[in-house]
Visitor: 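Got a structure for you, questions after.
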Amino acid sequence: MSDRSRPALSFLAEMQWRGFYQQCTDPEALGDLLARETVTAYTGFDPTADSLHIGSLLPILGLVHLQRHGHRPIAIAGGATALVGDPSGKTELRQLLSAEQIETNLAGIRAQLARFVDFGEPGLADLDHGPVVAAGPGNRGILLNNADWLRNQNYIEFLRDIGRHFSVNQMLARDSVKARLEVGLSFIEFNYMILQAYDFYILNRDHGCKLQMGGNDQWGNICSGVDLCRRLNQQEVFGLTFPLLATAAGEKMGKTAAGAVWISPQRTSPYEFYQYWVNVDDRDVSRFLRLYTLLEPAKIEALEKLEGADVRQAKRELAGAVTSLVHGPQEAEKAAKAAAALFTGSGDESTVPSSELAAARLAGGDLLLVDVLVEVALCQSKGEARRLVRQGGVKLNGEIVAEELRALTAADVQAGRIRLQLGKKRHHHLLVG
RNA sequence: GGGGGGGUUCCCGAGCGGUCAAAGGGAACAGACUGUAAAUCUGUCGGCGGACGCCUUCGGAGGUUCGAAUCCUCCCCCCCCCA
């Protein structure tokens, strides 16, 4: 499904059409530049966890689109800046991460980025599907760690060479800082902006990078970088930001009962990932199709015309496309089949989330359903499990469980499995063996 | 360094010696209605036990008291004002 052909719209036009465009330091000049030459652009990712979550999908896809349009993406894994902690968009002091933790995180994130952007480094990750874009020699991506140029900075030199170009007055006026003046902002965080600006300066100097993209909360940091490049390199460079997304319900993207929606299949299974997108609010479908899939505009516009219950069709397309981007077409297919089996009663149940259960444990008649629900992590506590049963929210092989202390027995096994259902949406099978 | 105000259950936020597992709101979960949507209504929402029961929670450590989230002591952290 990946779209490897050169798109019809210009990069900026497509970004606008897809809803990636929030603001730009100079749209006209940037448009001219993009039309004239292969532009190198970068986006930074902070290794605050060992996996990216779908909040990072937008900037990642920003790089993907860039590369699709023949330009050259740079992804920075912020090994140094993560040590400092970006105050932007944060309401309180972020927990400082240890250097070891960051190293671990870096490895995970680099591999994930390579799934999307073609860095021309096949050995980088064990991909079961390649990067979604294929680049030519002119626009292979570059993956860098800003620790390489930040870690060994000499404080005094840095202050004299770089720090003197920053006006505290201006820094205080930045939204990211202003928002924190009430609740507090430590000096280390206050410096983040400078480090990010310095990144841009280095990339501009050493890689000819002329554009930085990021979430709109990065606007202040990006502008600082643009200024620094002008001052130190006498270069006109640009900044482009993406909107900060909330769902139609006003929720931050990617939050579910189970927590964040991660890109790593270990953290969020492809099935759960698919479910997240199928369950999206009607009002979000159109936006999400444009933002999170590489589907052709014509295709998307057709899906947007669907109304009422037919919107589900668009949601399935959305879920399939995003899951395929992140986990590959096979996993997307499996997730779709499992969903079809569970929700429309047709198809293949073999891909429903499941766990093993030893047959011997059913023999005694003292294996309580509520204990099993906790064991397979469908419930957090027995109290919660019992509550669910009491409320009629638990089904065993399709039947509502009436007894709070229902025991599982061999008689519950049907075709080698016991089917559990919590509420309307959560399904789990026990494979008895 | 001085003065003032704070740290409460996932979040916000009441409580200020017993009736507090702790008001209220939000989030979340279940049920009804639906389209695996939204809105609405109902219920639930620390843990364990069938249950009127027990256990663990109100920044941390001690103490006073029959009894503390509530009082005292010390410590840690945050905010504001002054220097």
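Below, all heavy atoms of this structure are taken into account, side chains as well, without hydrogens, waters or symmetry copies. In what follows, chains carry the letters A, B, and so on, assigned in the order in which the sequence lines appear, proteins first and then strands, with residues in each chain numbered from 1.
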Visitor: May I ask you to evaluate whether Arg386(A) reaches the phosphate of rG50(B), defined as a side-chain N or O under 4.0 Å from OP1 or OP2?
Guide: yes
Visitor: Describe the nucleic acid contact of Lys382(A) in one word from base, sugar-phosphate, nothing, applying a heavy-atom distance below 4.0 Å.
Guide: sugar-phosphate
Visitor: With rounding to the closest Å, how many angstrom separate the P atoms on rG13(B) and rU73(B)?
Guide: 27 Å
Visitor: Quick one: is rG31(B) close enough that its OP1 or OP2 comes under 4.0 Å of any side-chain N or O from Lys425(A)?
Guide: no
Visitor: Grab the CD-P distance between Gln380(A) and rA28(B) for me, whole Å please.
Guide: 15 Å
Visitor: Of all the nucleotides listed (rA37(B), rG35(B), rU36(B)), which has the minimum atom distance to the side chain of Ala309(A)?
Guide: rG35(B)
Visitor: Can you tell me how far P of rC48(B) sits from CG of Leu368(A), to the nearest Å?
Guide: 13 Å
Visitor: I'd like to know if the side chain of Asn146(A) pairs up with that of Thr81(A) as donor and acceptor (distance under 3.5 Å, no hydrogens or angles considered).
Guide: yes
Visitor: Do the side chains of Arg406(A) and Asp412(A) get close enough for a salt bridge, i.e. N-O under 4.0 angstrom?
Guide: yes
Visitor: Take atom C1' in rG46(B) and the same atom in rA69(B), then report the distance between them in whole Å.
Guide: 15 Å
Visitor: Can you tell me if Arg387(A) touches the phosphate of rG47(B), counting only side-chain N or O atoms and a distance under 4.0 Å to OP1 or OP2?
Guide: yes
Visitor: For RNA chain B, whose closest nucleotide is more 5', that of Asp282(A) or that of Leu405(A)?
Guide: Asp282(A)
Visitor: Taking the same atom, P, in rA51(B) and in rA61(B), what whole-Å distance lies between them?
Guide: 31 Å
Visitor: Mind checking the C1' distance from rU64(B) to rG49(B)? Whole angstroms is fine.
Guide: 35 Å
Visitor: Which nucleotide, in any strand shown, forms a Watson-Crick or G-U wobble pair with rG62(B), with both distances under 3.5 Å?
Guide: rC72(B)
Visitor: According to a strict under-4.0 Å criterion, is Arg312(A) in side-chain N/O contact with OP1 or OP2 of rU36(B)?
Guide: yes
Visitor: In whole Å, measure the gap between the C1' atoms of rG53(B) and rA39(B) for me.
Guide: 42 Å
Visitor: To the nearest Å, how far apart are Glu307(A) CD and rA37(B) C1'?
Guide: 14 Å
Visitor: Taking 4.0 angstrom as the limit, do Arg361(A) and Glu375(A) come out as a salt bridge?
Guide: yes
Visitor: When the C1' atoms of rC41(B) and rC33(B) are compared, how many Å lie between them, rounded to an integer?
Guide: 9 Å
Visitor: Decide yes or no, distance alone: a donor-acceptor N/O pair under 3.5 angstrom between the base of rG35(B) and the side-chain of Asp310(A).
Guide: no
Visitor: Whole angstrom is fine here: how far is it from NZ in Lys337(A) over to C1' in rU36(B)?
Guide: 20 Å
Visitor: Looking only at heavy atoms, what is the nearest atom pair of Gly320(A) and Ala332(A), with distance?
Guide: O-CB, 3.7 Å
Visitor: Is the closest basic N to carboxylate O distance between Glu14(A) and Arg18(A) below 4.0 Å?
Guide: yes
Visitor: Report yes if a donor N or O on one partner sits less than 3.5 Å from an acceptor N or O on the other, where the partners are the side chain of Gln275(A) and the base of rU36(B); otherwise report no.
Guide: yes
Visitor: What is the distance, to the nearest angstrom, from the CG atom on Leu422(A) to the C1' atom on rC29(B)?
Guide: 10 Å
Visitor: On a whole-Å scale, what distance lies between the C1' atoms belonging to rU70(B) and rG17(B)?
Guide: 6 Å
Visitor: I need the NZ-C1' distance between Lys424(A) and rG31(B), as an integer number of Å.
Guide: 7 Å
Visitor: What's the CG-P distance between Leu388(A) and rG43(B), to the nearest Å?
Guide: 17 Å
Visitor: Return the pairing partner of rA30(B) with a 3.5 Å limit on both distances, Watson-Crick or G-U wobble; otherwise return none.
Guide: rU42(B)
Visitor: Show your reasoning for whether side chain to side chain contact (heavy atoms under 4.5 Å, CB included) applies to Thr293(A) and Phe288(A).
Guide: CA-CA 7 Å; Thr293(A) 76; Phe288(A) 288 0; over 6 Å; no
Visitor: Kindly say whether, by distance alone, the side chain of Gln391(A) makes a donor-acceptor pair under 3.5 Å with the base of rG43(B)?
Guide: yes
Visitor: Applying a 4.0 Å non-hydrogen cut-off, can you work out what Leu342(A) is touching in the nucleic acid: base, sugar-phosphate, or nothing?
Guide: nothing
Visitor: In whole angstrom, give the distance that lies between atom CZ of Arg287(A) and atom C1' of rA37(B).
Guide: 15 Å
Visitor: Tell me if the aromatic rings of His65(A) and Phe11(A) count as close, with their centers under 6.0 Å from one another.
Guide: no
Visitor: Do the side chains of Glu157(A) and Arg160(A) get close enough for a salt bridge, i.e. N-O under 4.0 angstrom?
Guide: no
Visitor: Students often get this wrong, so: under 4.0 angstrom with heavy atoms, is Arg316(A) touching a base, only sugar-phosphate, or nothing?
Guide: nothing
Visitor: For rG46(B) and Ser381(A) - does any side-chain N or O of the residue sit under 4.0 Å from the phosphate oxygens OP1/OP2?
Guide: no
Visitor: Using the closest heavy atom to pick a nucleotide of RNA chain B for each, name whichever of Glu384(A) or Val278(A) lands nearer the 5' end.
Guide: Val278(A)
Visitor: From rU34(B), rA30(B), rU36(B), pick the nucleotide closest to the side chain of Phe343(A)?
Guide: rU36(B)
Visitor: Measuring to OP1 and OP2 of rU36(B), would you say a side-chain N or O of Arg426(A) lies under 4.0 angstrom away?
Guide: no
Visitor: If we take the C1' atom in both rA28(B) and rC10(B), what is their distance in whole Å?
Guide: 9 Å
